[in-house]
Amino acid sequence: MATTLFRSGERRRIPRHQAWQPVTLAGPGLREREPATLLDISGAGALLKLAPGQHAPRTLGIRLRLTGKEDILTATVLTTEPSWNGNLVHVRFDALTPALADALSAFLAEREAPAVRTEPAAVSARVIPFRPR
């Protein structure tokens, strides 16, 4: 499912898909495993949420499990937007190896697949009439 987290009128050549999962960041000025939340992702970039007071360097590594082990996607920070509960960081992925690009494509394909919706079993509702006292 494509995300709708962006401003109205914004158009993307590559749709982003909701991810909402914890990741860790690596880069200059960051702790060894700085926590962040991956909000959405595409084949070209992602949107991350950092904790209040946390700032991202110009380039960073996003530690994400794509191939069954922890992979690192290197990215360049495009913009940072303050929000009430942290900073939103828009990143563009740097050159990916062919294996990592394939793993990212498979990761995105999982998010693109329509969710299977099962109908709940029939529920018999019992209506109790209101009787004023």
Kindly determine whether Asp40 and Trp20 satisfy side-chain contact (heavy atoms from CB on, under 4.5 Å), including the steps that lead there. CA-CA 7 Å; Asp40 65 35; Trp20 293 89; over 6 Å; no

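- Of all the heavy atoms in Gly43 and Phe93, the pair that sits closest is O-CD1, 3.9 Å.
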Step by step, work out the side-chain contact (heavy atoms from CB on, under 4.5 Å) result for Thr80 and His90. CA-CA 6 Å; Thr80 301; His90 300 261; over 6 Å; no

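- Criterion: ILVMFWY side-chain heavy atoms under 4.5 Å apart, direct or through other members. Under it, Leu96 and Val91 are part of a common hydrophobic cluster.
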Quick one: do Ile41 and Phe107 satisfy side-chain contact (heavy atoms from CB on, under 4.5 Å)? Show the steps, please. CA-CA 10 Å; Ile41 188 168; Phe107 183 80; 4.0 Å; yes

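- Arg65 contributes a side-chain N or O that, together with a main-chain N or O of Gly68, makes up a donor-acceptor pair within less than 3.5 Å.
- Panel note: side chain Gln54, backbone Lys49; no donor-acceptor pair is recorded below 3.5 Å.
- Judged by distance alone, with hydrogens and angles left aside, the side-chain atoms of Arg16 form a donor-acceptor pair with the main-chain N or O of Ala46 at under 3.5 Å.
- Applying the side-chain hydrogen bond (donor to acceptor under 3.5 Å, both in side chains) criterion to Asn87, with sequence neighbours excluded, gives no partner residue.
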Please step through side-chain contact (heavy atoms from CB on, under 4.5 Å) for the pair Thr37 and Leu48, ending with a clear verdict. CA-CA 6 Å; Thr37 303; Leu48 304 166; over 6 Å; no

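- Here the side chain of Ser42 pairs a donor or acceptor atom with the backbone of Ala44 at under 3.5 angstrom.
- Side-chain contact between Val89 and Leu47 is absent, with no heavy atoms from C-beta onward closer than 4.5 Å.
- Expressed to the nearest 0.5 Å, how far CZ of Arg92 lies from OG1 of Thr79 amounts to 11.0 Å.
- With Leu64 as the partner, the side-chain contact (heavy atoms from CB on, under 4.5 Å) test is satisfied by one option alone out of Asp71, Thr24, Leu73: Leu73.
- Thr74 places none of its side-chain heavy atoms less than 4.5 Å from the side chain of Leu60.
- Using a cut-off of 4.0 Å between Lys/Arg side-chain N and Asp/Glu carboxylate O, Arg63 and Glu70 are scored as salt-bridged.
- Judged by distance alone, the side chain of Arg58 and the main-chain N or O of Val77 form a donor-acceptor pair under 3.5 Å.
- Hydrophobic clustering of Ile, Leu, Val, Met, Phe, Trp and Tyr side chains at less than 4.5 Å, counting indirect connections, keeps Leu108 apart from Ile72.
- Looking only at atom types and distance, the side chain of Asp94 has no donor-acceptor partner in the side chain of Thr59 under 3.5 Å away.
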